[in-house]
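Remember, it's 1-based here, ligands and their atoms both numbered in the order they're listed. Hydrogens, waters and symmetry mates play no part in the numbers below; they use all other heavy atoms, side chains included.
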Amino acid sequence: MTESTLPPQLDFSKPGSFPYETLRTRMPVILTKAIDSLHQHISDNVEDEGRSEAMASIGRLTKLKYEMQTGKVMRKLDDDGDDVDVWHETLDRMAAQHSEDAKWWKLPWLFSECYMYRRIREATLLSRMLRDVDPFWGSKTSSYHCSETRIGELAAFVHGTACRMDNNEKAFEILLQFSLWGNKSDLSLMADFDGSESLDHMQASTEAHLQELKQHILCDDTAMLWERVSSFKNACVHIVLDNAGIELFSDLCFAHWLVHTNHAKTVVFHGKAYPWFVSDVTRRDLDWMLDQLSETEDSDARAHLAALWKQHFAEGVFVYQSDPFWTYPHEFERMPESAPDLYKTLASADLIMFKGDLNYRKLVADRMWPADTPFEKALGPFTPAMLVALRTLKSDTLAGVPLARVKQAEENDPAWNVNGTTAVIQCFRPAAAQ
Ligand SMILES: O=P(O)(O)OC[C@H]1O[C@](O)(CO)[C@@H](O)[C@@H]1O
Ligand SMILES: [Mn+2]
């Protein structure tokens, strides 16, 4: 298909649409919160001489908010980050394709949203006092603390039961589902477990709950995935991470199971090089979470897992990488050209797991595909290895789902595709892996 015969990317042309409301309401709120948090950091930590340059960065963000809200030009970047050329080339390409003057509201949603986070990065990079400050740190750490009970329960299940279950497939399915629903901010699994019951009881009630949640999975390729994973011995699995907190914890649990049942020898985690889309994982988030888990009592499953996982990272069983490509505004089909080494690394994987909504949008190029378009067709040329997308839906793009299923979901809940209550587990398996 040529660019002109492909469905267009999501944009802001329709008042009331989800992208439109995101730019009108949600993005300014996110920006205001980032400004507030940097402001707080300055008041608490920055002495007189550093204050004016830090405040100049706050001024840049206030200006950005004004530019967004009033449809001003999306200007080039002022910092000297290694990725500046990529951003400038993309900005030029976008302008040539969509609107010569590159104004806010005129370029596609995916590019515009990524650009906002890159401008936040610019503002922090340009101040010596702020360059290492994460404006979303407070919201990430407090969301972790809100999930601590659930994390404790899941840790007990993983440490105590999952790797010893007679039925490997069952354990795989449960942990896969945790990783999937971990992408929904409010993970309401194990709702009935009050800490006093046995692990068996907890497992039974969790299984019942997961069973109930299954009806909200619009396309479920778990069987295809299991067919592949069950054949693994010492495989190399890559997980392209999404959010910090309970989602990251559930991803680590899945990786733990892969390694401790000898299905995988190595799990490579791909995170972001700097704060991105509020809650996405950076190395600092990962290290902080491991330390939090270590600080529980010695007998706690969380402390055991943290010790083991730290050792895995030290020994290369778990590997953390943060290629700059993940914070480009690029659809993944651009990876072979834009990040050939990363593409080569992924092509060597036995399986790549893509977590979350934004990764899904980039997989299918954020186009308005008819929902029943085959997933493989929507992936276009991005087929490095067998891959699976685990996503709760928080934006309108979707492929690989029968129209009757979409209709049913719409009837149940008008916000079905943007509020994280429905999900997909979608696999692509190249001919060579069959
Ligand atoms: O963390 P996730 O699952 O990628 O969700 C982020 C998503 O949320 C949104 O901000 C919309 O709610 C999208 O822009 C983005 O795709
Ligand atoms: Mn995210």
What part of Leu358, side chain, backbone, both or neither, has a heavy atom within less than 4.0 angstrom of ligand 1?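 Both backbone and side chain of Leu358 come within 4.0 Å of ligand 1.
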
So which bit of Thr22 gets within less than 4.0 Å of ligand 1, heavy atoms only: side chain, backbone, both or neither? neither

For atom 14 (O) of ligand 1, state which one of Lys355, Met27, Glu113, Glu21 supplies the nearest heavy atom. Glu113

Considering only protein heavy atoms, which is closest to [atom], and at what distance to one decimal place?
atom                    : result
atom 7 (C) of ligand 1  : Asp357 OD2, 3.8 Å
atom 2 (P) of ligand 1  : Asp242 OD2, 2.9 Å
atom 13 (C) of ligand 1 : Arg361 NH1, 3.2 Å

For the Mn ion (ligand 2), does an N/O/S atom of Asp357 lie at less than 2.8 Å?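 Looking at Asp357, which is the residue asked about, there is no N, O or S atom under 2.8 Å from the Mn ion (ligand 2).
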
Ser279 backbone or side-chain N/O/S under 2.8 Å from the Mn ion (ligand 2):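 Checking Ser279: none of its N, O or S atoms is under 2.8 Å.
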
Atoms of ligand 1 less than 4.0 Å from Phe18 heavy atoms? 11 (C), 12 (O)

To the nearest 0.5 Å, tell me how far Phe172 CZ sits from Leu225 CG. 4.0 Å

Distance col, row Met353:CE vs Leu180:CG, nearest 0.5 angstrom, shows 9.5 Å

Counting only N and O atoms by type, is there a donor-acceptor contact under 3.5 Å from the side chain of Ser127 to the main-chain atoms of Thr124?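 Checking the backbone N and O of Thr124 against the side chain of Ser127, no donor-acceptor pair under 3.5 Å is found.
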
Evaluate the ring planes of Trp87 and Tyr115, with Trp represented by its six-membered ring, and classify them as parallel (under 30°), tilted (30 to 60°) or perpendicular (over 60°).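 Trp87 vs Tyr115 ring planes: tilted.
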
Classify the ring geometry between His312 and Phe318 as parallel (under 30°), tilted (30 to 60°) or perpendicular (over 60°).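 Rings of His312 and Phe318: perpendicular, over 60°.
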
Arg26 to ligand 1, any heavy atom closer than 4.0 Å: yes

